[in-house]
Novice: 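The following block contains the structure, expressed as structure tokens.
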Amino acid sequence: MTPPGGLWLPSAVNPSVLVDTPELVGQDVLLTPLDERWLGETAALVAEPEVRRLTGTHPTFTPDQVRGHLAELPSRPDRAGWAVRRGTDGGYVGEVVLQDLDVPNQSMSFRIALSSRQLGRGYGTEATRLVLDFGFDVVGLHRIALEVFAFNPRAAHVYRKCGFRQEGVRRHALYWDGEWVDAIDMSVLATDSRLRWARAQTR
Ligand SMILES: CC(C)(COP(=O)(O)OP(=O)(O)OC[C@H]1O[C@@H](n2cnc3c(N)ncnc32)[C@H](O)[C@@H]1OP(=O)(O)O)[C@@H](O)C(=O)NCCC(=O)NCCS
């Protein structure tokens with residue numbers, strides 16, 4: 001039905017795939033849907049000082065809060081979260097999340113955090129590409145957005161490599177350890193050119 005005063009376009013988004021999210025299999029990483037079974041790993045990750053700083057996370061979380069968050073994730077129609085695991089032995093590396101589903105505007109936001117002991121081995125790049133492919137090809141999104149703080153050039157580099165483009169800077173968006181830090185807004189659109197995981201695999 002066409003609403004008064006406007007052209008109605010059906011959304012291409014399929015939120016049902018965010019409930020009971022599938023496992024995503026890459027070359028060096030495996031993304032397993034997060035649930036309560038990942039309580040210990042998730043609680044340890046969100047307590048890591050460097051993860052808290054780089055993600056600008058001020059609040060601390062009790063084990064009960066983490067458990068509650070993980071317990072409801074599998075049934076949330078507006079977000080999906082995965083444990084990032086090494087392909088070789090299934091070991092936990094960190095987590096990656098699509099959240100804030102906006103159905104009419106076909107968009108979500110992205111965040112990722114790997115444990116400080118697991119950085120620089122290509123896991124973040126591959127996990128990001130897998131989730132972008134899922135968001136665009138399976139969920140049917142048009143836009144995926146994120147923010148990255150100016151003191152995190154490694155993450156900004158990985159995001160650019162995966163196809164995110166800078167949109168703007170929110171000045172002094174974070175106050176951390178006595179200093180103001182800018183936040184950089186980035187996004188990638190379904191219509192942007194980016195290295196797709198299927199092609200990356202056959203390079
Ligand atoms: C950001 C993050 C997901 C990246 O994942 P990762 O597995 O460490 O990254 P990868 O190994 O896939 O790639 C690292 C890339 O960054 C580059 N890099 C490393 N340090 C860098 C720096 N200081 N400046 C610019 N680039 C840098 C590496 O050279 C590599 O690029 P290349 O593959 O083109 O050579 C991960 O580091 C992480 O979770 N960090 C902690 C939390 C965090 O920062 N989360 C993001 C918040 S926005």
Side-chain angles (χ1 to χ4, degrees), residues 24-32 34 38 41-61 66 69 79-100 107-135 143-177 179-188 193-201 203:
L24 305 179
V25 181
Q27 190 170 278
D28 296 320
V29 297
L30 175 66
L31 305 188
T32 300
L34 279 169
W38 297 95
E41 291 87 349
T42 305
L45 181 77
V46 298
E48 279 189 34
E50 190 61 353
V51 167
R52 294 171 50 74
R53 184 180 79 89
L54 291 170
T55 56
T57 305
H58 285 302
T60 53
F61 304 101
V66 178
H69 162 74
R79 63 163 60 193
W82 295 265
V84 182
R85 306 168 70 188
R86 283 186 299 267
T88 47
D89 61 0
Y92 177 86
V93 170
E95 67 170 30
V96 60
V97 173
L98 274 179
Q99 61 189 14
D100 307 323
S107 69
M108 293 187 83
S109 58
F110 174 92
R111 66 177 172 79
I112 184 168
L114 306 186
S115 169
S116 306
R117 294 178 300 279
Q118 306 287 345
L119 309 184
R121 300 176 192 174
Y123 300 143
T125 300
E126 192 181 335
T128 302
R129 286 193 174 133
L130 284 168
V131 170
L132 291 186
D133 285 355
F134 174 78
R143 170 186 157 88
I144 298 176
L146 60 78
E147 73 168 13
V148 55
F149 296 111
F151 57 28
N152 197 351
R154 176 179 49 220
H157 173 85
V158 168
Y159 297 148
R160 270 193 295 275
K161 211 167 62 161
C162 293
F164 283 91
R165 300 186 194 177
Q166 182 168 329
E167 296 183 325
V169 175
R170 284 180 294 117
R171 297 178 304 153
H172 290 194
L174 176 72
Y175 187 67
W176 194 267
D177 222 3
E179 301 208 349
W180 290 106
V181 185
D182 293 345
I184 301 162
D185 285 323
M186 303 183 86
S187 75
V188 56
S193 61
R194 68 193 163 85
L195 186 64
R196 301 174 66 77
W197 175 242
R199 243 186 280 150
Q201 269 181 319
R203 265 190 312 173

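We count ligands from 1, going down the list as the structure has it; atoms in each ligand are counted the same way. Numbering starts at 1 and runs along the sequence shown.
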Novice: I'd like to know if Glu50 and Arg53 make a salt bridge, using a cut-off of under 4.0 Å between side-chain N and carboxylate O.
Specialist: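 Judged by the 4.0 Å cut-off on N to carboxylate O distance, Glu50 and Arg53 do form a salt bridge.
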
Novice: Starting from atom 26 (N) of ligand 1, which protein heavy atom do you reach first, and at what distance in Å?
Specialist: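 The closest one turns out to be His157 CB, 3.6 Å.
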
Novice: Should Gln118 be counted as touching ligand 1, given the test is an N or O pair under 3.5 Å?
Specialist: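 It does not: no N or O of Gln118 is found under 3.5 Å from an N or O of ligand 1.
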
Novice: Check the pair Val158, Phe164 against side chain to side chain contact (heavy atoms under 4.5 Å, CB included), reporting the backbone distance first and the verdict last.
Specialist: CA-CA 9 Å; Val158 168; Phe164 283 91; over 6 Å; no

Novice: Does any N or O of ligand 1 fall below 3.5 Å from an N or O anywhere on Gly120, backbone included?
Specialist: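 Yes; at least one N/O pair falls below 3.5 Å.
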
Novice: Determine yes or no for a side-chain-to-main-chain donor-acceptor pair under 3.5 angstrom, with Arg52 supplying the side chain and Pro59 the backbone.
Specialist: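 Pair found, side chain donor or acceptor close to backbone of Pro59.
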
Novice: What is the ring orientation for Tyr159 with Phe110, classed by angle as parallel under 30°, tilted 30 to 60°, or perpendicular over 60°?
Specialist: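 Perpendicular.
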
Novice: I'd like to know if the side chain of Asp182 and the backbone of His172 have a donor-acceptor N/O pair within less than 3.5 Å.
Specialist: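 Flag set: sc Asp182 to bb His172 pair under 3.5 Å.
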
Novice: Of all the heavy atoms in Val158, does at least one lie under 4.0 Å from an atom in ligand 1?
Specialist: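 In this structure, Val158 qualifies as a contact of ligand 1 - some heavy atom is under 4.0 Å.
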
Novice: What protein heavy atom lies closest to atom 33 (O) of ligand 1? Include the residue and the distance to one decimal.
Specialist: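 In this structure, atom 33 (O) of ligand 1 has Lys161 NZ, 2.6 Å as its nearest protein heavy atom.
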
Novice: Any atoms of ligand 1 less than 4.0 Å from a non-hydrogen atom of Asn152? List them with their elements.
Specialist: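 So the atoms of ligand 1 that pass are 43 (C), 44 (O), 46 (C), 47 (C).
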
Novice: Nearest 0.5 Å please: distance from the OH atom of Tyr123 over to the CG atom of Leu30.
Specialist: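 Nearest 0.5 Å value for the OH-CG distance: 12.0 Å.
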
Novice: What's the shortest distance from atom 23 (N) of ligand 1 to any protein heavy atom, and which residue and atom give it?
Specialist: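 Looking at atom 23 (N) of ligand 1, the protein heavy atom closest to it is Pro153 CG, 3.7 Å.
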
Novice: Does the protein place any heavy atom closer than 4.0 Å to atom 2 (C) of ligand 1?
Specialist: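 Answer no: nothing from the protein, no heavy atom, is under 4.0 Å.
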
Novice: Got a sec, which residues hit side-chain hydrogen bond (donor to acceptor under 3.5 Å, both in side chains) with Arg85, two or more places apart in sequence or on another chain?
Specialist: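 In terms of side-chain hydrogen bond (donor to acceptor under 3.5 Å, both in side chains), with neighbours along the sequence ignored, Arg85 is linked to Thr32.
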
Novice: What I want to know is whether Ile112 and ligand 1 share at least one N or O pair that is separated by under 3.5 angstrom.
Specialist: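 Right, the criterion is met.
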
Novice: Can you tell me how far the CD atom of Glu126 sits from the CZ atom of Arg129, to the nearest 0.5 Å?
Specialist: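 These two atoms lie 9.0 Å from each other.
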
Novice: Backbone, side chain, both or neither: what part of Glu50 comes under 4.0 angstrom of ligand 1, heavy atoms only?
Specialist: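 It is neither; nothing of Glu50 touches ligand 1.
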
Novice: Of Leu54, Thr57, Val29, which has the heavy atom at the shortest distance from atom 41 (C) of ligand 1?
Specialist: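 Looking at heavy atoms only, Leu54 sits closest to atom 41 (C) of ligand 1.
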
Novice: Which of the atoms of ligand 1 are close to Glu147, meaning less than 4.0 Å from one of its heavy atoms?
Specialist: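 What qualifies from ligand 1 is 48 (S).
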
Novice: Among protein heavy atoms, which lies nearest atom 19 (C) of ligand 1, and at what distance?
Specialist: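 The closest heavy atom on the protein side is Arg154 CG, 3.6 Å.
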
Novice: Quick one: does Glu126 get within less than 4.0 Å of ligand 1, heavy atoms only?
Specialist: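 Checking ligand 1 against Glu126, which is what was asked, there is no heavy-atom contact under 4.0 Å.
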
Novice: Closest non-hydrogen protein atom to atom 39 (O) of ligand 1, residue and atom name please, with distance?
Specialist: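 It is Leu114 N, 2.6 Å.
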
Novice: Give the residue and atom name of whichever protein heavy atom lies nearest to atom 48 (S) of ligand 1, and the separation in Å to one decimal.
Specialist: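 The closest heavy atom on the protein side is Tyr159 OH, 3.2 Å.
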
Novice: Got the closest protein heavy atom to atom 11 (O) of ligand 1, with its distance?
Specialist: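 Of the protein heavy atoms, Gly122 N, 2.7 Å lies nearest.
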
Novice: Are any of the N or O atoms of Arg121 closer than 3.5 Å to those of ligand 1?
Specialist: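 Such a contact does occur with ligand 1.
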
Novice: Backbone N or O of Tyr175 within a donor-acceptor pair of the His58 side chain at under 3.5 Å?
Specialist: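 Answer holds: yes.
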
Novice: Please report whether atom 29 (O) of ligand 1 has a protein non-hydrogen atom at a separation of less than 4.0 Å.
Specialist: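 It does not: no protein heavy atom is found less than 4.0 Å away from atom 29 (O) of ligand 1.
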
Novice: Roughly how far apart are Leu132 CG and Leu98 CG, rounded to 0.5 Å?
Specialist: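 CG of Leu98 is found 8.0 Å from CG of Leu132.
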
Novice: Provide the number and element of each atom of ligand 1 under 4.0 Å from a heavy atom of Ala113.
Specialist: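 This gives 39 (O) as the contact atoms.
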
Novice: About how many Å separate OG1 of Thr125 and NZ of Lys161, when rounded to the nearest 0.5 Å?
Specialist: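 Going from NZ on Lys161 over to OG1 on Thr125, the span is 3.5 Å.
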
Novice: May I ask you to identify the nearest protein heavy atom to atom 12 (O) of ligand 1, giving residue, atom name and distance to one decimal place in Å?
Specialist: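 For atom 12 (O) of ligand 1, the nearest protein heavy atom comes out as Thr125 OG1, 2.5 Å.
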
Novice: Please round to the nearest 0.5 Å and tell me the distance separating atom CG of Leu114 and atom CD of Glu95.
Specialist: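 Rounded to the nearest 0.5 Å, the CG-CD separation comes to 9.5 Å.
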
Novice: Over 60° means perpendicular and under 30° means parallel, so classify the ring planes of Phe134 and Trp82, tilted if in between.
Specialist: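 Perpendicular.
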
